[in-house]
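Structure below; questions to follow.
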Amino acid sequence: MTTAILSALAEEQQGLAHALEQRQTITHAGRQFEVGALYGQPVVLALSGIGKVAAATTTAALIERFGAQRLVFTGVAGGMGADVHVGDVVVAEQFLQHDMDARPLFARWQVPGYATPAFGCDTSLTQGLLRAAQDCVAAATNWQEPMLAGLQLRAHCGLIASGDQFIVSAQTSHLIRHDLQTAGYQPLAVEMEGAAIAQTCADYAVPFAAVRTISDRADDNAHVDFPAFVNAVASRYAQHIIAHWLQNQASTGSA
């Protein structure tokens with residue numbers, strides 16, 4: 001079974017790229033895809049690009065051109081849940097587009113042509129990634145990484161909101177969270193790709209799951225030390241989580 005592993009930025013999966021064996025680079029649809037093996041399992045590494053359209057295009061290419069039978073996204077996100085903090089990990093149960101608004105033709109956040117605003121992730125993949133994320137944050141407490149010093153690291157599982165906007169305003173973050181919570185949704189994090197990947201995978205009936213390291217609180221300080229955090233923490237988290245998950249898949253023989 002070929003697993004596609006996606007990230008928005010090269011830095012987010014640099015550790016995985018270095019660990020890739022039997023590497024073959026293929027250019028398709030203006031993108032580079034790295035085909036090979038990780039921990040004995042066939043994988044394709046790819047950068048989704050930033051934003052929903054780029055992510056959907058890359059996802060379709062992975063399925064159509066490379067025969068990906070399941071997709072996993074790893075990257076960073078801004079924290080939105082009250083107890084979701086920098087250094088935490090959020091594994092997605094569902095995705096929703098916080099900037100989708102076709103009113104009055106459709107209800108707010110509803111993607112025309114689909115039954116509900118939220119797209120669910122594959123349960124089995126999600127539970128496997130959550131166990132890997134829990135193992136990762138437990139290990140990270142002993143890494144002596146200055147950017148994690150003094151933090152109580154946790155792994156969460158729930159709704160992630162996606163939109164074509166890098167949130168760097170506490171006011172904007174509050175409005176998104178407030179509107180969603182008023183409608184009964186509890187967003188834990190916000191980012192720019194996941195909902196589009198989830199929608200594309202739903203169209204193709206391909207299992208999808210995602211894990212996001214919280215790099216900021218989606219507020220006025222969201223841009224501070226972002227590159228440093230991605231390099232020092234998020235890339236290391238990604239390598240640990242994906243390695244743990246793939247190795248467990250291999251040892252249990254699970255799909």
Side-chain angles (χ1 to χ4, degrees), residues 6 8 48 50-53 55-56 59 71-130 133-134 137 154-203 205-220 222:
L6 277 166
S48 65
I50 297 173
K52 292 183 294 182
V53 173
T59 301
L71 278 82
V72 171
F73 192 101
T74 177
V76 296
M80 275 200 160
D83 60 345
V84 177
H85 303 289
V86 172
D88 285 359
V89 176
V90 174
V91 179
E93 282 185 325
Q94 293 180 310
F95 280 98
L96 176 150
Q97 295 185 46
H98 68 76
D99 57 355
M100 172 59 71
D101 193 347
R103 293 177 295 180
L105 300 178
F106 298 88
R108 188 176 184 186
W109 307 301
Q110 179 68 49
V111 180
Y114 296 85
T116 64
F119 291 86
C121 295
D122 181 81
T123 302
S124 178
L125 294 183
T126 297
Q127 289 303 309
L129 285 177
L130 180 58
Q134 291 167 337
V137 295
R154 295 180 57 195
H156 311 262
C157 192
L159 175 71
I160 296 180
S162 304
D164 285 314
Q165 183 179 7
F166 184 65
I167 308 299
V168 291
S169 161
Q171 181 179 15
T172 301
S173 179
H174 172 76
L175 287 173
I176 293 171
R177 182 173 61 252
H178 175 268
D179 288 353
L180 287 171
Q181 288 178 337
T182 300
Y185 296 103
Q186 299 297 327
L188 298 184
V190 62
E191 39 88 291
M192 300 179 66
E193 296 83 26
I197 300 171
Q199 181 178 337
T200 306
C201 286
D203 289 344
V206 171
F208 169 61
V211 56
R212 292 280 192 167
T213 299
I214 301 303
S215 59
D216 55 80
R217 281 288 302 169
D219 56 19
D220 302 85

- Message: Minimum heavy-atom separation for V91 and L130, please, with both atom names.
- Response: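 Where V91 meets L130 most closely, the heavy atoms are CG2-CA, 3.8 Å.
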- Query: What heavy-atom pair brings Q94 and C121 nearest, and what distance separates the two atoms?
  - Reply: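 Taking every non-hydrogen atom into account, N-SG, 4.4 Å.
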- Test side chain to side chain contact (heavy atoms under 4.5 Å, CB included) applied to D99 and Q165, step by step: CA-CA 9 Å; D99 57 355; Q165 183 179 7; 5.9 Å; no
- When you measure from the side chain of D122 to the backbone N and O of A209, does any donor-acceptor pair fall under 3.5 Å?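 A pair under 3.5 Å: no.
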- Task: Identify the heavy atoms of F73 and S48 that sit nearest to each other, and give their distance.
- Result: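 Shortest heavy-atom contact: CE1-OG, 3.7 Å.
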- So how far is it from L188 CG to R177 CZ, rounded to the nearest 0.5 Å?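 Going from CG on L188 over to CZ on R177, the span is 11.0 Å.
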- Less than 4.5 Å apart, any side-chain heavy atom of H156 and any of I214?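 Side chain of H156 against side chain of I214, heavy atoms only: no contact under 4.5 Å found.
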- Determine the minimum heavy-atom distance between A189 and V90, stating which atoms define it.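 Scanning both residues completely, I find the closest heavy atoms to be CB-CG2, 4.3 Å.
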- Task: Side-chain contact test, heavy atoms from C-beta onward, threshold under 4.5 Å: evaluate it for Q186 versus L159 and give yes or no.
- Result: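 Of all side-chain heavy-atom pairs linking L159 with Q186, none is under 4.5 Å.
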- Task: Mind checking the OH-CG spacing from Y185 to L96? Nearest 0.5 Å is all I need.
- Result: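 One gets 6.0 Å once the value is rounded to the nearest 0.5 Å.
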- Item | Nearest non-hydrogen partners of L71 and I197, listed with the distance |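 Nearest heavy atoms, L71 then I197: CD2-CG2, 4.4 Å.
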- Message: I'd like to check C201 versus T59 (side-chain heavy atoms, cut-off strictly below 4.5 Å). Are they in contact?
- Response: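 Of all side-chain heavy-atom pairs linking T59 with C201, at least one is under 4.5 Å.
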- Query: Do side-chain atoms of R103 reach the backbone of W109 as a donor and acceptor pair under 3.5 angstrom?
  - Reply: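 Answer holds: no.
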- Side chains of T123 and E93: closer than 4.5 Å at any heavy-atom pair?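 No, side chains not in contact.
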- Message: Using side-chain heavy atoms (C-beta onward) and a distance below 4.5 Å, is L180 in contact with M80?
- Response: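 Not in contact.
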- Point-to-point distance, once rounded to the nearest 0.5 Å, from CE of M100 to CG of D164: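 M100 CE to D164 CG: 10.0 Å, rounded to 0.5 Å.
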- Mind checking whether P117 and Q97 have side chains closer than 4.5 Å, heavy atoms only?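 With C-beta onward as the side chain, the pair stays apart.
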- Message: If I take atom NE2 from residue H85 and atom CZ from residue R217, how far apart are they, to the nearest 0.5 angstrom?
- Response: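 Atom-to-atom, H85:NE2 and R217:CZ are 6.5 Å apart.
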- Examine distances only and state if a side-chain atom of D219 and a backbone atom of S173 form a donor-acceptor pair shorter than 3.5 Å.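 No; judged by distance alone, with no hydrogens or angles, the pair does not exist.
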- So do R212 and E193 actually touch side chain to side chain, heavy atoms under 4.5 Å?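 The answer is yes; the side chains approach within 4.5 Å.
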- Item | CD-NE2 distance between Q181 and H178, expressed to the nearest 0.5 angstrom |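 Output value for this atom pair is 8.0 Å.
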- Task: State which residues pass ring-ring contact (aromatic ring centres under 6.0 Å, His included) with Y114; sequence neighbours excluded, sorted by chain then number.
- Result: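 Listed in chain order: F119.
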- Minimal non-hydrogen separation, A92 against I160, with atom names: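 Of all heavy-atom pairs spanning A92 and I160, the closest is CB-CD1, 3.7 Å.
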